[in-house]
Amino acid sequence: MSEYPIDHLDDEESWEIIQANQIGRIASAREGAPDIYPVSYVVHNWKIYFRTGAESRLRKETDGRLVAFESGWQMMKHFSSTVALGVVRTLTSEEAAKVLDRLPIVDFAPDQDYVWMELDPTEVRGRRLNVLDPQR
């Protein structure tokens with residue numbers, strides 16, 4: 001156990017958190033105000049992919065814009081949070097979509113027409129928060 005309340009994760013540890021999870025959050029600015037969208041996602045070739053409705057507010061508010069993506073993990077006395085920054089784009093390649101459709105993803109709306117969105121992070125950073133024993 002760390003003796004510090006916060007440890008900074010390196011790139012490899014940060015990506016491990018992202019790859020180990022299926023649910024994350026997209027934070028964006030909607031008309032100048034912050035907003036957060038929960039998403040299910042998959043990682044493929046060091047990019048983060050999520051699906052949304054073709055006419056969804058999420059797509060309209062994030063397509064072509066800089067966002068923050070967050071994924072977290074809790075284990076006993078540690079909570080890890082990783083943030084990836086980058087621009088989200090609607091995936092237009094049908095071939096790439098077929099590859100992604102074969103990957104495991106939590107599907108919240110299986111009957112809805114969807115598009116794949118791609119986040120190619122320009123920066124990934126993470127922190128592990130440690131619950132310290134007050135008896136020390």
Side-chain angles (χ1 to χ4, degrees):
M1 178 188 237
S2 176
E3 61 184 81
Y4 301 105
I6 299 174
D7 294 323
H8 293 273
L9 305 178
D10 61 26
D11 285 351
E12 184 177 328
E13 291 172 308
S14 294
W15 273 106
E16 285 175 6
I17 298 298
I18 293 172
Q19 291 173 330
N21 288 291
Q22 297 178 310
I23 306 295
R25 287 151 292 285
I26 299 283
S28 70
R30 190 182 98 184
E31 299 176 8
D35 207 350
I36 296 176
Y37 302 90
V39 295
S40 60
Y41 69 93
V42 295
V43 176
H44 183 65
N45 292 333
W46 304 105
K47 295 180 183 177
I48 299 164
Y49 294 92
F50 60 94
R51 296 189 309 202
T52 189
E55 299 300 319
S56 71
R57 191 176 82 187
L58 172 59
R59 181 181 183 197
K60 291 175 185 176
E61 296 292 336
T62 62
D63 194 17
R65 297 197 174 115
L66 180 64
V67 301
F69 169 85
E70 192 270 342
S71 184
W73 183 262
Q74 184 172 354
M75 181 178 239
M76 302 296 285
K77 294 190 173 199
H78 307 286
F79 177 79
S80 298
S81 173
T82 296
V83 174
L85 304 176
V87 174
V88 171
R89 301 208 188 285
T90 300
L91 192 65
T92 57
S93 166
E94 289 182 30
E95 201 170 297
K98 287 180 184 178
V99 170
L100 295 171
D101 282 337
R102 290 192 296 266
L103 298 177
I105 188 167
V106 176
D107 199 349
F108 291 121
D111 297 331
Q112 184 181 42
D113 288 335
Y114 63 86
V115 295
W116 281 101
M117 305 292 288
E118 174 187 84
L119 172 60
D120 186 2
T122 56
E123 180 182 348
V124 176
R125 61 180 186 254
R127 293 184 181 147
R128 181 175 27 256
L129 308 169
N130 303 296
V131 178
L132 300 180
D133 184 358
Q135 304 297 326
R136 295 194 308 146

Could you give me the CA-CA distance, side-chain angles and deciding distance for Leu58 and Met117, then say whether side chain to side chain contact (heavy atoms under 4.5 Å, CB included) is met?
-> CA-CA 10 Å; Leu58 172 59; Met117 305 292 288; 5.9 Å; no

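Connection of Val87 to Ile26 is not established within any shared hydrophobic cluster, with ILVMFWY side chains joined at heavy-atom distances below 4.5 Å, either directly or through further cluster members. Under a hydrophobic clustering in which Ile, Leu, Val, Met, Phe, Trp and Tyr are joined whenever their side-chain heavy atoms come within less than 4.5 Å, directly or via other members, Val83 and Leu129 fall into different clusters. Leu119 and Val115 end up in the same hydrophobic cluster when Ile, Leu, Val, Met, Phe, Trp and Tyr side chains are linked at under 4.5 Å. Residues Val88 and Val43 share a hydrophobic cluster, clusters being chains of Ile/Leu/Val/Met/Phe/Trp/Tyr side chains in contact below 4.5 Å.
One finds the CG atom of Leu66 at 6.5 Å from the OG1 atom of Thr122 (value rounded to the nearest 0.5 Å). Expressed to the nearest 0.5 Å, how far CG of Leu85 lies from CZ of Arg125 amounts to 5.0 Å.
Within the 4.5 Å cutoff, no side-chain heavy atoms of Glu16 are placed close to those of Leu9. Using a 4.5 Å heavy-atom cutoff, the side chains of Phe69 and Val39 are in contact. Counting only heavy atoms from C-beta outward, the side chains of Thr52 and Tyr37 never approach each other to under 4.5 Å. Using a 4.5 Å heavy-atom cutoff, the side chains of Ile48 and Pro121 are in contact. Inter-residue side-chain proximity for Trp15 and Thr82 is flagged as unmet; no heavy-atom pair is nearer than 4.5 Å. For the pair Ser80/Arg128, a side-chain contact is recorded, criterion being any heavy-atom separation below 4.5 Å from C-beta on.
A donor-acceptor pair under 3.5 Å is absent between the side-chain atoms of Asn45 and the main chain of Lys47, judged by distance alone. Arg59 places a side-chain N or O within donor-acceptor distance of the main-chain N or O of Ala54, the cut-off being under 3.5 Å. For the pair Asp63 (side chain) and Thr90 (backbone), a donor-acceptor distance under 3.5 Å is present. Asn21 places a side-chain N or O within 3.5 Å of a backbone atom of Gly72 that can act as its donor or acceptor partner.
Contact detail for Tyr41 and Ser71: the closest heavy-atom pair is OH-OG, 2.9 Å. In terms of heavy atoms, Glu13 sits closest to His8 at OE1-O, 4.4 Å.
For Arg25, the CZ atom counts as densely surrounded, since its 6.0 Å shell holds more than 12 non-hydrogen atoms of other residues, nucleotides or ligands.
Taking the six-membered ring for Trp and thresholds of 30 and 60 degrees, Trp116 and Tyr49 have ring planes more than 60 degrees apart, a perpendicular arrangement.
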